[in-house]
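Not measured: the values here are computed from a predicted model. In what follows, residues are counted from 1 in the order of the sequence shown.
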Amino acid sequence: MQNSLVNNDNLFYNKIWKNIVIRNKIIKYNSIDNNRIDIIKFEKVISALFLIKNGYFQQLKEKIKNSEYLDLNGIGNDKNEWPHRVYFQSSSSSSSSSNTIYSKNLILNKNCIFNKEKAAIHWDLNFYIDLFKNYSNYYLKSNIQETENILIDYDNELALKVLHENFNHKLEIDLFFKSFIIESYECAFYLFNKLKIIKSNSLINKIWNLLYQDIENSIELTSNNNNNNNNSKSPSSSIQDSENEHLRINEKFKFLLNILKLPLPINQIATPYIFNIKIYQSKLSTILESVKIIIKIKSLFNKFIKSVNDKCYKLKNTSTNTNLTFLKEFEKIINNFQINLLELDEIENMKFSKNDLLKNIMDIDLNENENVLKIYNLILPFTNHFNCYLDNLNYINIKYKNDYQYYSTLLINNNLTTTTTTTTTTKTTATIKLKMFGHYNFNDLLEMGGNSDDSLFKFCKNDEIVKINYINKVLVDLKSQNQPPNSSILIIEKLMSNFINENNLQFSRLIINQLINNDDFLNNVLSLMNKETIRLHLKRIFISMVKSIEMFDLLYKEIIINDELLNQKLSNSILIILINNNKSIIFEHFKKNYSLEYYSSIGQLDFVNSGANVDFDVYKFIYDNIDDFISNYSIIDVWSVPNLTLTIDQFIYLIQRTPKNKNYHCFDNVLFFNYIVSNLPNDIQSGKCQLDTSFLDLFNYFKIINNNNNNNNNNNNNNNNNQNELIEFIDKLDLQYYVFKSSSIYKIVQYCLRYCNTELIDLVIILYKKFKNSKYWDLLRNIVSSICEIGQLNLFKYIISKLDQESFIFENEHYNTLFRMGYIEFLEYSLNLFKPIERIKIHYFNNNIFCLNHFKYSKNKYLDLSNLNKNKNKYK
């Protein structure tokens, strides 16, 4: 399949792009509009990152084959755009001081030349042979170790194979261990076979020990994430994190057992609870894989299984802070059960529907699926004994046996104990609550959070009888006036929030009729509070939460506010509530069916002061209905909202709907500016598109250039006039060396260099030669500085060809810039060209280890790297 995709790509490329006539037609078509300022010819593109990012894979392949000058390693100023950017995600919950990474917590650049997904489709073995051969300064010689590391990070087995088999790079055992640790399994498999690891018992034991250590770290990490209860992550994302970690551990076992077919070690596994999971929240397919793993490695659990079956299992106490009461209670519980593992073929013969395999266990009725129940019980003893086992046990006991005998032990652990893992101490938090099963307890309901992981009826969603009985008990309890008023209101708010979140119209209507609209209830419970004010407060909260038009209608129409003044106040603020909570699904419905309230709300909006925090759908609705807002345009004007972030498509959508007599601007965004210049240049000239000074100067510069190009076939007088116009324009700008980056000329220079436009360079050189004025020399120096920043060696050569080399001074700052940005070939060229008398002291670099290695080990006589050696710890 891979070769087929590559061959099709090559066939298309050879038939289309290599056809000179067709290629010239394409280039001519793309360059036909004189307003376009963002056109660059392929032969002038030097950035491998640019070519990959924009899908020009075959063009990059041809450039590499021809050994053209390319920016392969330049890192730029944006760290996220570094071609080989690899770094570890930080984890605030991880307290391990170890430098060893036990999971693939890497951020990789999807446009890296070593990205294996792109390589599998667009490149082949010859591509990497050409890359390493023609750019050996970057990838071989002193950098071969760094190349090896990157190939492992990106799990690019093809390139690693080329490095070893075509360039005689020796592979070391440690490389396999790194591959295995960070889950680069394709490289790991290649290395395992090449290095013949299967023949070494000591290496096999080391692999298993690494997996054991990974399990320990995984338990610690997921336990901390679950127990710290941070607000930084939603419960749903924490559940997903646990599921992902569970899948990751499964994959590691499957790689060792199924791919490498690694023999089991002699030593028992130190931690028998290898899965830190809530079974009921996991997919059946994932649990099934875990059970198969347990059975395949069951000999590693012999000691643990025997101790449980003999009723003498002792939970390892890892800290003096651990609650001893919990330990004793837990040991009683687990020792009440027998562990009887099935044979693997018995598991393989179990039948599960494809639909069930994709479901979470809690969405499957275990009374109707005996095999799923068996799977559940098989994995139960191997789930984390501190954080998961009791939740897992109580789930199945309470839901299917109505058995609450172990729930008290769960509460002991939840409320009293501090549990620890190997290195950290954490508070244990139970996730099983009685309300999830429809078992009523007032305090349990009072503690209910507002998230789906703590939701009412979580485990009895389809049992209408249980739910109705629960609600009736709540109503009786509240109406009996046994609870404080504040608690009663809080319960109403929590119940309604839960029902609105689930879009449960039936129960929402029940609470509204029985409690919120019940004057007798409110008068009795809220004797010291204004019932109309309470209704208004609740109605506002509930409307802010709606997820459907039906729920909105229910809340808006059926929560009755008898106070006319409060009712008017609410009507005037409904649109604000909907907008502030991004309820775009309601906008059109509200306008169509509540037009009086809709139009009375419009004057209350104020985007200028708060608009940056709303979704684009809000702006879309307003600008789709701009006639409704035109009399209040100043307060909904999207172009006056500070710090607003838009995509290019959103920007275009809004300018197309901005009234003709209203202005807009580009938010100082280069992409937006390009679009306006190419498609709506008259908006700039008329002032409808308002630009800051630097963008306006840039527009005027290209306007002059385009006029100049249009007059190429006219007489010399016209050409001279155009050049004089350009000189006059340039002379009005601030060209001083030290204010360059804050002046308009800087943006003009950046554009010209980015798109390899040489008109400005030609003009500055002509002016300098003609007038010998220092300001033109300053501008030329700044142009060279900018060229060094972006690595455009060919443009630099162009400048040198136009000047007397002896008179040109390449400054220390330029050398340092090239080093910092990682442009090896450019730096070598300039050093050999100018042959500086004094060694250039390099002060800093952006962790571009490729550039550092090359010049450090080549011992370039023109560079002094001693300052970097003194500060080497800074770059680790």
Side-chain angles (χ1 to χ4, degrees), residues 218-219 222-223 226 235-251 253-254 273-295 334 337 339-342 346-385 387-404 406-407 410 429-439 451-463 466 502:
S218 174
I219 291 172
T222 51
S223 297
N226 291 334
S236 58
S237 66
S238 295
I239 292 171
Q240 188 59 52
D241 286 347
S242 296
E243 177 76 2
N244 291 341
E245 191 64 11
H246 183 191
L247 287 167
R248 192 183 69 80
I249 294 298
N250 273 2
E251 287 302 311
F253 272 112
K254 286 162 64 178
Y273 43 91
I274 59 176
F275 298 111
N276 197 71
I277 54 168
K278 305 296 168 67
I279 305 171
Y280 48 87
Q281 291 178 162
S282 301
K283 282 186 170 54
L284 172 59
S285 57
T286 310
I287 297 299
L288 186 60
E289 286 298 328
S290 297
V291 168
K292 291 178 182 178
I293 289 166
I294 290 168
I295 292 171
I334 195 171
F337 298 91
I339 300 176
N340 297 304
L341 296 180
L342 300 179
E346 294 180 84
I347 302 296
E348 297 287 4
N349 290 330
M350 288 182 176
K351 303 298 182 184
F352 302 100
S353 71
K354 291 182 179 180
N355 190 36
D356 280 347
L357 286 170
L358 296 175
K359 289 182 180 178
N360 290 337
I361 297 288
M362 66 183 186
D363 296 324
I364 301 173
D365 187 346
L366 303 193
N367 284 330
E368 298 178 359
N369 200 318
E370 183 182 353
N371 285 337
V372 178
L373 181 60
K374 287 180 181 178
I375 294 296
Y376 193 106
N377 287 323
L378 282 171
I379 197 173
L380 176 60
F382 303 94
T383 60
N384 191 333
H385 293 173
N387 294 294
C388 301
Y389 181 91
L390 285 174
D391 272 329
N392 291 328
L393 178 62
N394 274 292
Y395 169 80
I396 202 163
N397 277 2
I398 294 172
K399 183 170 177 63
Y400 294 103
K401 301 177 185 177
N402 201 29
D403 180 356
Y404 298 87
Y406 301 128
Y407 189 69
L410 181 63
T429 302
T431 57
I432 290 286
K433 304 288 176 62
L434 295 180
K435 64 178 179 292
M436 298 174 178
F437 302 93
H439 180 94
N451 57 69
S452 59
D453 191 46
D454 192 32
S455 62
L456 185 63
F457 308 141
K458 180 175 181 176
F459 302 134
C460 58
K461 293 176 182 177
N462 300 319
D463 195 330
V466 168
E502 295 180 354

Just so I know, are the side chains of I347 and I295 near enough to count as touching, which here means a heavy-atom distance under 4.5 Å? yes

Evaluate salt bridge (charged side-chain N to carboxylate O under 4.0 Å, His left out) for R248 paired with E245, printing each intermediate quantity in order. CA-CA 5 Å; R248 192 183 69 80; E245 191 64 11; 2.7 Å; yes

Those residues at least two apart in sequence (or on a different chain) that pass ring pair (Phe, Tyr, Trp, His ring centres under 6.0 Å) with F275 are H246

Counting N and O atoms only, with roles assigned by atom type, does the side chain of T286 sit under 3.5 Å from a partner on the main chain of L247, one being a donor and the other an acceptor? no

Side-chain heavy atoms of Y404 within contact of H439, under 4.5 Å: yes

Suppose we screen for ring pair (Phe, Tyr, Trp, His ring centres under 6.0 Å). Which residues come up paired with F437, at least two apart in sequence or across chains? F459

Spell out, as yes or no, whether a donor-acceptor pair under 3.5 Å connects the side chain of D365 to the backbone of N367. yes

Test of understanding: with side-chain contact (heavy atoms from CB on, under 4.5 Å), list the residues that count as partners of N397, not counting sequence neighbours. L393, K401, D403, Y406

Does the N276 side chain pair with the main chain of N384, one donor and one acceptor, at a distance under 3.5 Å? no

Output all residues satisfying side chain to side chain donor-acceptor pair (under 3.5 Å) with N250, sequence neighbours left out; order by chain, then residue number. S290

Can you list the residues that meet the side-chain contact (heavy atoms from CB on, under 4.5 Å) rule with I364, with sequence neighbours excluded? L284, D356, K359, L366, N369, V372

Hey, does K292 have a side-chain heavy atom less than 4.5 Å from the side chain of E348? yes

Heavy atoms, side chains only, cut-off 4.5 Å: are K433 and K458 in contact? no

Taking C-beta and beyond as the side chain, do N377 and F337 meet within less than 4.5 Å on heavy atoms? no

Who pairs with Y400 by ring pair (Phe, Tyr, Trp, His ring centres under 6.0 Å), at least two apart in sequence or on another chain? none

Strictly distance-based, threshold 3.5 Å: is any side-chain N or O of N392 a donor or acceptor partner for the main-chain N or O of I277? yes

